[in-house]
Protein chains: 2
Amino acid sequence: MSHPVINVDLTAKARIRQVALELFALNGSDGTSMRAISSRAGVTVGLITHHFGTKAGLIQAVEDDLLDGIANAIAYQETDESVDGVVRKLDQRLLDHIDANPLVAAYLRRMMLIEGNGAGADLTERFTRMALRQIQDLRRRGIASTSRDAEDQVMQVMLVQLGQVLMQPFVDQIAGHLGQDPQRYQLSLRKTRTT
Amino acid sequence: MSHPVINVDLTAKARIRQVALELFALNGSDGTSMRAISSRAGVTVGLITHHFGTKAGLIQAVEDDLLDGIANAIAYQETDESVDGVVRKLDQRLLDHIDANPLVAAYLRRMMLIEGNGAGADLTERFTRMALRQIQDLRRRGIASTSRDAEDQVMQVMLVQLGQVLMQPFVDQIAGHLGQDPQRYQLSLRKTRTT
DNA sequence: TCACGCACTGTATATTTGTACAATATACCG
DNA sequence: CGGTATATTGTACAAATATACAGTGCGTGA
């Protein structure tokens with residue numbers, strides 16, 4: 001109920017993006033009006049169109065930011081040396097980043113799981129390509145296993161790691177309705193290759 | 001592009017419900033206007049309000065129908081006798097029914113995975129309670145294992161069976177973007193009880 | 001100082017939405 | 001046949017929406 005929760009440390013443009021991500025993740029981009037964004041960000045609607053042109057432009061900007069954040073999170077870091085531990089580190093960094101940014105998780109969930117055909121397909125494709133690029137980068141540096149092909153490794157991290165994160169609220173919800181402790185139930189995914 | 005694909009065998013009321021489910025599953029209930037429904041169903045907007053009162057009433061009716069269909073599909077049938085095979089049969093019937101009604105799967109996916117807080121929470125709760133009722137019915141008839149508690153069995157079927165169905169498009173989509181054969185990758189879920 | 005660019009505001013507009021309602025056709029029952 | 005309930009239409013309306021645009025304030029560099 002505390003609507004004008006605005007972070008004055010950010011520029012108006014950044015604040016708009018931040019609020020937009022929040023509302024998009026919560027209610028979808030279709031379900032959030034520019035007026036709702038402007039009101040929560042403490043600006044006028046006109047400023048949004050000034051900075052981002054159109055609503056589609058704002059969505060684009062939000063997704064660019066989101067993907068940049070993930071790319072940075074899972075990028076190569078100097079501390080990565082050992083060949084075998086690096087894949088586990090990659091997985092962990094992705095999970096940490098999503099854990100630290102629940103709005104990112106919610107947005108990805110909405111887009112990747114539901115809007116598979118349509119608006120979300122683009123984001124899913126960009127995410128997939130980005131992950132593939134990062135893994136190929138690690139391979140070029142000789143610090144990611146090359147025993148399996150890169151595509152297989154991408155499927156692994158996206159389905160198993162990301163998939164579990166995306167599904168967890170579903171588990172919690174059902175456990176809640178059954179009066180069970182959600183902590184006791186965790187979903188473990190594995191991709192089975194039917195050769 | 002063949003918009004007026006109307007099934008004249010159905011009453012207008014049933015046709016409205018059918019078209020509504022289709023559009024709701026595809027674009028969400030917020031994303032589909034009553035005019036879009038009326039146009040595809042070959043009726044006027046007024047008729048929808050006449051039959052269902054309001055848009056919320058239509059959504060309610062669509063979900064009632066959907067849950068009824070599932071309840072019938074997984075209900076006790078005379079052919080069920082053996083104690084051990086009946087749980088597998090229950091799983092299979094749920095999968096068959098969802099397989100035969102992809103729109104139901106799409107609607108459930110949207111509601112249960114995304115709108116967990118909000119509109120979809122109600123449907124998820126109703127679904128969960130219905131599943132619990134069915135399993136308790138089987139137990140009362142003595143044809144479902146009572147070694148585990150019913151809640152555990154519900155979690156099993158909902159997370160493992162339903163969860164896999166809901167996630168499959170996600171797998172296919174990523175595999176498609178990686179140029180892999182989606183058939184080769186299947187997601188297998190299992191719930192781990194961290195006691 | 002002044003002119004220019006940028007952030008920002010407020011208003012106007014056309015479109016879409018859900019709902020309400022009066023009017024008409026149709027079927028059904030005595 | 002007559003009449004009443006139900007199915008169906010068409011129109012009207014207020015609210016919300018995205019976008020466009022003309023204007024205002026302000027800092028910065030020449």
Side-chain angles (χ1 to χ4, degrees), chain A residues 3-65 110-111 115 118-120 122, chain B residues 3-65 110-111 115 118-120 122:
Chain A
H3 270 205
V5 183
I6 55 179
N7 188 343
V8 284
D9 291 345
L10 293 165
T11 76
K13 192 175 180 181
R15 229 165 40 217
I16 292 171
R17 260 199 318 255
Q18 174 192 275
V19 170
L21 170 65
E22 179 178 342
L23 295 186
F24 288 170
L26 244 54
N27 310 322
S29 53
D30 284 348
T32 65
S33 63
M34 315 204 63
R35 281 168 169 78
I37 299 172
S38 77
S39 140
R40 292 222 191 188
V43 297
T44 53
V45 201
L47 189 61
I48 303 183
T49 75
H50 169 67
H51 277 304
F52 303 96
T54 164
K55 191 178 184 181
L58 174 59
I59 297 176
Q60 176 93 308
V62 166
E63 297 193 352
D64 287 351
D65 239 37
R110 178 177 293 274
M111 287 296 149
E115 318 280 2
D122 181 52
Chain B
H3 269 204
V5 183
I6 54 180
N7 189 344
V8 283
D9 293 343
L10 293 164
T11 77
K13 192 173 179 183
R15 229 165 38 215
I16 292 171
R17 259 198 320 253
Q18 174 191 275
V19 170
L21 170 64
E22 178 178 342
L23 295 185
F24 288 169
L26 244 53
N27 310 322
S29 53
D30 285 347
T32 65
S33 63
M34 317 206 62
R35 280 166 171 82
I37 299 173
S38 77
S39 141
R40 292 223 190 190
V43 298
T44 53
V45 200
L47 189 61
I48 303 184
T49 75
H50 168 65
H51 276 304
F52 303 96
T54 164
K55 189 176 184 180
L58 173 59
I59 297 177
Q60 177 94 308
V62 165
E63 297 193 352
D64 287 352
D65 238 36
R110 179 178 292 273
M111 288 296 150
E115 318 281 1
D122 181 51

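Numbers restart at 1 for each chain; the letters A, B, ... are given by sequence-line order, proteins then strands.
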Step-by-step side chain to side chain contact (heavy atoms under 4.5 Å, CB included) determination, Thr44(A) to Ser38(A)
CA-CA 5 Å; Thr44(A) 53; Ser38(A) 77; 5.7 Å; no
Protein-nucleotides 3-6 of chain D N/O pairs closer than 3.5 Å?
none

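- Across Phe24(A) and Ser29(A), no two heavy atoms sit closer than the pair CD2-CA, 3.4 Å.
- Between the CD1 atom of Ile48(A) and the P atom of dG10(C) there is a distance of 14 Å, given to the nearest Å.
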Its contact letters, B for base, S for sugar-phosphate only and - for none at protein heavy atoms under 4.0 Å, make nucleotides 18-24 of chain D read BB-----
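- Annotation for Leu47(A) and Ala12(A): closest pair CD2-CB, 3.9 Å, computed over non-hydrogen atoms.
- Listed by chain and number, the residues in a side chain to side chain contact (heavy atoms under 4.5 Å, CB included) with Asp64(B) are Gln60(B), Arg126(B) (sequence neighbours excluded).
- Taking NZ of Lys13(A) as the start and CG of Leu58(A) as the end, the distance is 10.5 Å to the nearest 0.5 Å.
- Atom OG1 of Thr11(A) is separated from atom CZ of Arg17(A) by 7.0 Å, given to the nearest 0.5 angstrom.
- With values rounded to the nearest 0.5 angstrom, Ile37(A) atom CD1 is found 12.0 Å from Gln18(A) atom CD.
- The separation between Phe52(A) atom CZ and dA7(C) atom C1' is 13 Å, rounded to whole Å.
- Formation of a donor-acceptor pair under 3.5 Å by the Arg110(B) side chain with backbone atoms of Leu26(B) is found in this model.
- Between Leu23(B) atom CG and dG18(C) atom P there is a gap of 12 Å when expressed in whole angstrom units.
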